[in-house]
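Numbers restart at 1 for each chain; the letters A, B, ... are given by sequence-line order, proteins then strands. Quick note: numbers below take in every heavy atom, side chains included, and nothing from hydrogens, waters or symmetry partners.
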Amino acid sequence: MPSNKSVSDAQIFQFTNCRILRSHQLQREDLWVREGKILNPEKLFFDEKGSADIQLDCKDSIIAPGFIDVQINGGFGVDFSLATDDVQSGISLVSQKILSHGVTSFCPTLVTSPPAVYHKVLPQISIRNGGPHGAGILGAHLEGPFISKEKKGAHPEHYLSTFELGAFQDLLATYRHLDCVRIVTLAPEMKRSSEVIQELTRRGICVSLGHSVANLSQAEEAVRHGATFITHLFNAMLPFHHRDPGIVGLLTSDQIPSRRRVFYGMISDGIHTNPAALRIAHRAHPKGLVLVTDAIAGMGLAPGRHTLGQQVVEVDGLNTYIAGTRTLSGSVATMDSCVRHFLEATGCTVETALEAASLHPAQLLGIEHRKGTLNYDNDADFLLLDNSLHVRATYIAGERVWSQDTFTI
Amino acid sequence: MCFRVTLPFQLELRSGRFCSHPGLTSFFSCKLFIRMRLVILDDYDLASEWAAKYICNRIIQFKPSQGRYFTLGLPTGSTPLGCYKKLIEYHKNGDLSFKYVKTFNMDEYVGLPRNHPESYHSYMWNKFFKHIDIDPNNAHILDGNAPDLQAECDAFEKKIEEAGGIDLFVGGIGPDGHIAFNEPGSSLASRTRLKTLAMDTILANAKYFDGDLSKVPTMALTVGVGTVMDAREVMILITGAHKAFALYKAIEEGVNHMWTVSAFQQHPRTIFVCDEDATLELRVKTVKYFKGLMHVHNKLVDPLYSMKEEN
């Protein structure tokens with residue numbers, strides 16, 4: 001059929017025989033892609049009188065937006081908190097490997113480290129688009145060192161720090177390079193945290209509350225100053241108490257600005273959170289749930305010992321502990337297995353499970369006009385999945401960057 | 001109440017090109033009968049299927065090809081949905097291609113953004129065009145947001161003329177007996193133009209706009225009664241009890257401009273495809289007569305042709 005496209009000569013791809021996630025529902029529709037973006041086929045038909053150049057039969061796959069992991073410490077032997085001269089190649093390796101888990105964008109996460117590590121590593125991290133080389137890098141997530149001693153979890157105690165003297169200047173001195181930083185996790189009960197949270201928010205950096213013994217009022221105060229995320233809910237914070245729900249109470253707080261939505265990360269690997277707790281959180285505030293892996297270097301490798309920043313971690317099956325202790329430290333879960341576990345544990349719809357790993361993290365980072373949905377003009381980062389949400393193929397900017405050996409379209 | 005009229009003189013004037021198509025003269029009986037058919041099926045689904053089969057056969061028997069397109073006039077609304085679904089099914093089975101079909105829709109709202117979910121552009125895309133292989137250059141719908149609406153209407157008439165006229169115009173009927181948006185009182189000789197919608201129509205359309213009358217467009221561009229009368233063949237789909245009175249007025253009473261579908265009593269080749277409910281206001285005699293002819297009518301759809309056989 002002669003195509004008479006007035007806007008562009010680039011090839012138009014039509015993905016057919018699929019169900020796409022759009023407007024919070026799985027719909028039997030085709031997905032159209034041109035020049036790395038999702039294309040509006042109706043506009044193409046009526047305005048440009050155009051039609052598809054290449055039609056691809058997706059074999060009844062589910063098409064979902066690519067997953068976005070905002071907390072991942074490493075994997076496949078790579079530890080993002082290690083100060084090497086070639087941080088990029090480690091990040092690149094992980095970014096390439098996680099394509100098979102359905103992750104198309106991520107935030108490499110650094111755990112509590114001495115300032116020298118930040119000074120060396122952060123300048124080497126650059127925000128970049130994904131592609132066949134690997135998932136896109138949205139910016140770094142700095143978890144610590146401004147966290148609570150009592151809830152340090154796997155973070156090394158003698159590198160914890162405060163900013164009570166110089167507030168934001170102290171933070172700047174510790175991290176030094178903030179250009180590529182996207183998220184900072186801190187404990188809001190620390191003195192002068194409000195100033196720090198305000199300044200970080202003003203600079204477009206997402207502030208997350210975690211590894212903290214804050215009570216609900218302190219947490220609400222932090223949200224009023226700009227905090228929008230909670231790092232791995234339930235873990236490394238005070239447990240829910242009916243007279244002081246602590247940070248967990250943010251899920252249903254009425255003391256925060258009404259237009260502000262608080263998001264919360266959940267490690268849905270079957271270990272960090274009891275399924276009943278996962279369900280309570282999900283039911284209390286379904287629109288805020290963000291699935292994260294919190295994966296460490298041992299992810300993707302055989303059980304054994306690996307590093308996590310300044311600590312040594314022991315991986316045994318799905319469990320990851322600080323060596324010689326029962327302190328959980330990260331996970332070896334993959335994003336797609338987290339999505340499947342979440343689906344099963346909560347009994348939620350497929351749409352909900354997929355949005356927890358795509359739409360919600362995109363909304364958290366304020367990028368849902370580009371990523372996290374299959375809306376027209378968004379980046380064509382998407383996944384082909386089977387009915388039990390195993391990834392069959394991963395696409396970034398409309399290009400296939402990974403697929404199962406047995407799956408071709 | 002005679003529906004068979006032989007007017008060979010009129011036939012040549014109106015449909016000269018029609019007679020020269022070898023496929024078509026053998027398709028009907030070889031006598032030059034001008035005929036109105038009333039095809040009555042038991043329910044909506046059967047009526048939709050009959051209509052779709054008829055359209056399918058007409059297209060295939062025409063043997064459309066490069067430079068020789070089959071031109072189809074198309075309606076919107078709830079009535080033709082079943083018919084569109086069946087046509088899509090025939091296409092997906094590989095039995096019917098729209099590659100050499102040109103379409104002209106009857107109407108479009110004025111002032112509604114083209115991508116509004118209730119615009120007729122959206123309707124045609126979602127219910128039909130996106131599922132078939134029609135060339136977008138051949139799908140014509142009036143533009144209700146054109147800067148000069150009358151010029152848009154004139155251009156539409158011209159496009160129909162350039163396409164060689166319409167081979168088969170498929171339409172529906174409003175509860176007030178209108179065809180397209182030719183509301184009661186429209187001239188039976190009218191051409192494509194801007195029309196203000198009657199209250200009956202606005203009320204009937206409110207269900208598509210959350211029941212809010214203030215959201216329903218009040219004006220539309222529409223083909224005229226005369227425009228549809230120019231088509232070589234017309235098929236009107238009428239289903240549901242709420243259309244029964246309009247059908248009665250259209251075929252059992254006289255030709256008049258208050259029930260504009262009645263004009264088609266004077267068209268050389270018209271088929272009314274109905275379900276039982278739509279015949280509720282007709283005389284029993286009329287219904288029995290035409291039901292008795294179903295074995296003849298069914299020869300038009302059985303056998304159902306397929307483009308697979310042509311290849």
Inset, instruction - Identify the heavy atoms of B/P136 and A/G50 that sit nearest to each other, and give their distance. - result: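 Heavy atoms of B/P136 and A/G50 come nearest at CG-O, 3.4 Å.
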Extract all donor-acceptor atom pairs below 3.5 Å that involve side chains of residues 204-221 of chain B and protein atoms in other chains or at least two apart in sequence.
unit_1	atom_1	unit_2	atom_2	d
B/N205	ND2	B/Y109	OH	2.9
B/D212	OD1	B/S214	N	3.0
B/D212	OD1	B/S214	OG	2.7
B/D212	OD2	B/S214	OG	3.3

Can you tell me how far the [atom1] atom of [X] sits from the [atom2] atom of [Y], to the nearest 0.5 Å?
{"X": "B/H121", "Y": "A/K43", "atom1": "NE2", "atom2": "NZ", "value": "13.5 Å"}
{"X": "B/I141", "Y": "A/F46", "atom1": "CD1", "atom2": "CZ", "value": "4.0 Å"}
{"X": "A/L44", "Y": "B/K130", "atom1": "CG", "atom2": "NZ", "value": "13.5 Å"}
{"X": "A/E42", "Y": "B/N126", "atom1": "CD", "atom2": "CG", "value": "6.0 Å"}
{"X": "A/E48", "Y": "B/N137", "atom1": "CD", "atom2": "CG", "value": "11.5 Å"}
{"X": "A/F45", "Y": "B/I134", "atom1": "CZ", "atom2": "CD1", "value": "6.0 Å"}

Would you say [atom1] of [X] has more than 12 non-hydrogen atoms from neighbouring residues, nucleotides or ligands within 6.0 angstrom?
{"X": "A/R283", "atom1": "CZ", "result": "no"}
{"X": "A/E351", "atom1": "CD", "result": "yes"}
{"X": "B/K158", "atom1": "NZ", "result": "no"}
{"X": "B/K159", "atom1": "NZ", "result": "yes"}

Legend entry - NZ/NE/NH1/NH2 to OD/OE distance under 4.0 Å, B/R114 and A/D47: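 A salt bridge is present here (some side-chain N lies under 4.0 Å from a carboxylate O).
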Inset, instruction - Tell me, please, which residues at least two apart from B/H91 pass ring-ring contact (aromatic ring centres under 6.0 Å, His included). - result: none
